Amino acid sequence: MGSTGLQNKAHGAETFDVIIVGAGISGINAAYRLQSQLPGTTFTILEGRGNIGGTWDLFRYPGIRSDSDLFTFGFQWEPWPYDNPIAEGPLIREYMKSCAKKHGIDRHIRFHHKVQAADWSTAASQWTLTAEHDGQTQEFRSNWVVLGTGYYDYENPLKTVIPGLGDFRGKIIHPQHWPEDYDHSGKKIAIIGSGATAVTLLPALSDTAAEVTMVQRSPTYIISYMNRSPKSSCVTKFLPTYVNATWIRMLYSWGAYAAVLFTKYFPQCSRYILTKLVMLQLPARISHSPHFEPAYTPWQQRLCLAPDGDFFRALREKETTNVITGHIDTVTENGIRMKDGTTLDADVIVTATGLRMRVGGKVAVAVDGEEVVWGGRLLWQGTMIQDVPNMMFVIGYVDASWTLGADSTAHLLVRLLKHMKAKNVTTAIPRVPPGGTNGFRKFFPLESSYRQAADAALPRYGNTGPWLPKISPPWDSIVGKWGDIITGLHFAS
């Protein structure tokens with residue numbers, strides 16, 4: 001069970017200062033900041049699934065791993081203890097569980113509590129959350145709600161139209177719902193897609209599959225990444241543990257940020273460097289063009305990591321792996337036919353075609369009974385929703401570790417609660433100024449097809465002050481810890 005709130009005897013609902021929705025990286029981090037910096041604050045974590053982990057509990061496909069380094073993806077308050085900066089899902093889950101247990105956060109989690117709705121009452125200055133648990137409906141009340149629910153639909157992946165897919169007689173798998181204990185050995189597998197999931201699956205499946213082919217409409221940038229940290233060097237082993245962990249975290253955080261800035265300001269140079277690095281790793285049987293020649297510059301779409309070059313090593317060492325680039329004409333009973341006439345036999349088709357973006361975790365949010373439509377609303381400091389009181393939505397980065405953004409949000413939350421207590425106010429509402437925000441920016445800066453499919457349902461950023469997007473981890477950390485928490489908010493008792 002979670003932490004014990006005050007029992008509302010009139011309505012049978014427990015009341016907390018803060019309710020966190022989701023026991024993933026965002027929820028656990030927010031809980032730690034609350035209990036360590038605001039002792040005495042009552043909170044609980046409502047988690048719809050049966051385990052800690054969020055994304056890392058949901059995705060179970062072969063090879064599932066982080067796509068950013070764990071020294072910054074891990075918690076600042078409990079550093080990643082291993083030498084490898086890129087790790088697979090099971091190890092990340094165990095790390096998160098051990099962190100939650102060590103700091104007593106697991107005692108605050110209520111599993112199998114799927115939050116269905118959150119309704120704010122201005123008269124009571126309070127949220128009422130409705131959750132489904134064991135087939136019954138339960139109500140909880142709180143002053144604040146933190147949505148640590150990520151940015152995609154856990155239950156329904158993005159549906160992409162693939163001609164003839166219904167005619168295929170073999171097995172069709174979407175990575176988001178990989179069958180437990182599925183044996184792919186000896187199978188001919190076609191992976192449709194070119195993103196991080198496809199790049200992860202190809203080497204992972206190639207060990208025992210008869211054939212593995214990545215079928216992509218257009219290529220992406222893939223970077224080989226040395227999966228060993230400076231922690232294992234002869235110099236750092238003499239440093240105190242805390243100093244070493246802090247140094248490593250800063251090194252990876254600033255290094256990644258510098259690399260992103262370089263690609264932004266020198267896109268053609270970045271393209272040239274990435275192209276040359278890929279060409280050095282390809283086998284002679286696979287040409288660079290068109291298979292590894294993206295039409296866009298780096299970070300217009302997400303870059304993919306290949307720890308220790310495992311993706312390219314699989315292509316070099318196993319002639320049963322391959323890449324096909326082009327448009328699918330149709331899926332047949334026994335495989336795939338491309339528009340250029342190329343055919344591919346397959347026993348299994350994996351549709352690694354992206355996520356269905358959905359902010360808010362399917363929680364129906366309302367203010368005084370009026371539904372809150374997320375699409376088009378502005379975000380204050382990248383975390384509070386325009387005209388919605390006392391609610392924070394945790395979002396990370398697309399070009400840096402998620403946790404860096406989640407932690408800046410957690411610091412904002414703690415500071416805002418302290419400020420409101422000191423000023424004896426109960427409500428904080430983001431209000432757009434009369435003059436507007438000097439235009440708008442997209443919520444998700446990449447040009448990926450799954451983002452384009454979700455644009456109308458996503459919130460957005462402005463171009464000034466606290467309405468600007470979170471795009472700089474170092475600066476956002478400063479804002480979270482010491483920046484302005486007044487401008488753009490309307491406070492009320």
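Note that the coordinates shown come from a computational prediction; the quantities given were computed from them, not determined experimentally.
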For this output row, return yes or no: ring centroids of H113 and H133 closer than 6.0 angstrom.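 Ring centroids of H113 and H133 are less than 6.0 Å from each other.
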Check: F73 ring centre within less than 6.0 Å of F71 ring centre: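 Centroid distance F73-F71: not below 6.0 Å, so no.
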Whether the side chain of [X] engages the backbone of [Y] through a donor-acceptor N/O pair (distance < 3.5 Å, no angle test) should be reported.
| X | Y | answer |
| --- | --- | --- |
| R141 | L129 | no |
| T213 | V323 | no |
| R337 | D329 | no |
| S194 | S218 | yes |
| R302 | W299 | no |
| S253 | R249 | no |
| T332 | G335 | yes |

With Y151, the ring-ring contact (aromatic ring centres under 6.0 Å, His included) member among F393, W402, F443: W402
Note: Q138 and F140 closest approach over all heavy atoms is OE1-CZ, 3.4 Å
With salt bridge (charged side-chain N to carboxylate O under 4.0 Å, His left out) as the criterion, how do K187 and E211 come out once you've worked through the C-alpha distance, each side chain's angles and the decisive distance to 0.1 Å? CA-CA 7 Å; K187 301 287 197 303; E211 294 177 9; over 6 Å; no
Using ring pair (Phe, Tyr, Trp, His ring centres under 6.0 Å), reason through Y221 and F292 one step at a time and then give a plain yes or no. CA-CA 7 Å; Y221 291 102; F292 297 94; over 10 Å; no
